[in-house]
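By convention here, the first residue in the shown sequence is residue 1.
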Amino acid sequence: MLSRRQLLIVSMLVGGAAWVGDRAAEAQTAAPSPPGEVAAELPDARLQGSGRLRFLGLRVYDARLWVASATVGTDGATASLALALELVYARGLDGLQIAERSLSEMQRQGEIDPSVGQRWLAAMQKIFPDVQAGDRITGFNVPGMGARFFINGRLKGDVRDPEFARRFFAIWLSPQTSEPSLRNALLGKSP
């Protein structure tokens, strides 16, 4: 039979082992390898930051920002940077709603001419599918060209408009984002 003191020591050791296990697991996931499409499009990609989007307490997706040589700064400027934003969905969402919400968030960066907005919306509606839990959309900023999108590792389409790309990635990286804590996590800033 163990004394109270011995039980306390054992529980501290077990708790400490669990903490070490959690920290070891965290260390293993802290620097994941880029997915195949990121490794192919950005051979020197490294993870700048990652975070989770929740809505009303429900997990919507996990996001990772992959960069090649330069780091996205606090101004959120991405026009000249090769980068990838990977979203791994935790629940099913309608592709048309993803496109509409994306355009709405892009408009937070400033007014968009209605005809341009309709063109961008139509392009996103063609590219963004309905997603299920575990599906992955990876968007690439291609400097001087626009944006390229992969769905679950397969090329789905391009939007050949640098202004579209700037506005699209600003959804997450601009100081005007609707999700500042996710932005900070993607930029690798402490909370």
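- Heavy-atom minimum distance, Pro143 versus Ala82: CG-N, 3.7 Å.
- Val159 and Leu83 fall within the same hydrophobic cluster, where Ile, Leu, Val, Met, Phe, Trp and Tyr residues are linked whenever their side-chain heavy atoms come under 4.5 Å apart, directly or through other members.
- In this structure a side-chain-to-backbone donor-acceptor pair under 3.5 Å is present from Asp130 to Gly95.
- Judged by distance alone, with hydrogens and angles left aside, the side-chain atoms of Arg167 form no donor-acceptor pair with the main-chain N or O of Leu103 at under 3.5 Å.
- Taking 4.5 Å as the limit, some side-chain heavy atom of Phe164 sits within range of a side-chain heavy atom of Met124.
- Here the side chains of Ile151 and Val131 are not in contact, with every heavy-atom distance at 4.5 Å or above.
- When hydrophobic clusters are built by joining Ile, Leu, Val, Met, Phe, Trp and Tyr residues whose side-chain heavy atoms come closer than 4.5 Å, directly or via intermediates, Leu53 is grouped together with Phe55.
- Residues Phe149 and Tyr89 are members of one and the same hydrophobic cluster, defined by side-chain heavy-atom contacts under 4.5 angstrom among Ile, Leu, Val, Met, Phe, Trp and Tyr.
- Environment of CZ in Arg101: sparse, with no more than 12 heavy atoms of neighbouring residues, nucleotides or ligands closer than 6.0 Å.
- When side chains are defined from C-beta on, Trp120 counts as touching Glu163, because their heavy atoms get closer than 4.5 Å.
- One distance of note links CG of Asp94 with CD of Glu100; it measures 8.0 Å at 0.5 Å rounding.
- Looking only at distances, a side-chain donor or acceptor of Asn141 sits under 3.5 Å from a matching main-chain atom of Leu81.
- Contact between Trp66 and Pro32 at its shortest, heavy atoms only, is CH2-O, 3.3 Å.
- Here the straight-line distance linking atom OG1 of Thr138 with atom CZ of Arg148 works out to 13.0 Å at 0.5 Å rounding.
- Hydrophobic clustering (side-chain heavy atoms under 4.5 Å, transitive across Ile, Leu, Val, Met, Phe, Trp, Tyr) keeps Leu96 apart from Ile127.
- When side chains are defined from C-beta on, Arg46 counts as touching Val67, because their heavy atoms get closer than 4.5 Å.
- The distance from atom CG of Leu87 to atom CZ of Arg64, rounded to the nearest 0.5 Å, is 11.0 Å.
- Aromatic ring pairs are classed by plane angle as parallel below 30°, tilted from 30° to 60° and perpendicular above 60°; the pair Phe128 and Phe168 is tilted.
- In this structure, Thr177 contributes its side chain and Leu173 its backbone to no donor-acceptor pair below 3.5 Å.
- Under a 3.5 Å cut-off, the side chain of Arg108 and the backbone N or O of Gln176 do form a donor-acceptor pair.
- The structure places OH of Tyr61 at 9.5 Å from CD1 of Ile98, a figure rounded to the nearest 0.5 Å.
- The hydrophobic cluster containing Leu93 also contains Met106, counting ILVMFWY residues as joined when their side-chain heavy atoms lie under 4.5 angstrom apart, directly or transitively.
- Looking at every heavy atom in both residues, Ala68 comes nearest to Leu42 through CB-CD2, 4.1 Å.
- Closest heavy-atom contact between Pro34 and Val38: CB-CG1, 3.6 Å.
- Other residues, nucleotides and ligands place no more than 12 heavy atoms under 6.0 Å from the CZ atom of Arg160.
- Look at Glu179 and Arg183 and you find no salt bridge, because none of the NZ, NE, NH1 or NH2 atoms lies under 4.0 Å from a carboxylate O.
- A donor-acceptor pair under 3.5 Å is absent between the side-chain atoms of Arg136 and the main chain of Glu86, judged by distance alone.
- In this structure, the separation between CG on Leu182 and OG on Ser50 is 9.5 Å, given to the nearest 0.5 Å.
- Shortest non-hydrogen contact noted between Gly153 and Phe150 is O-CD2, 3.6 Å.
- Note that the CG atom of Leu187 and the CG atom of Leu65 stand 7.0 Å from one another [nearest 0.5 Å].
- Closest non-hydrogen pair, Ala90 versus Ala133, comes out as O-CB, 3.4 Å.
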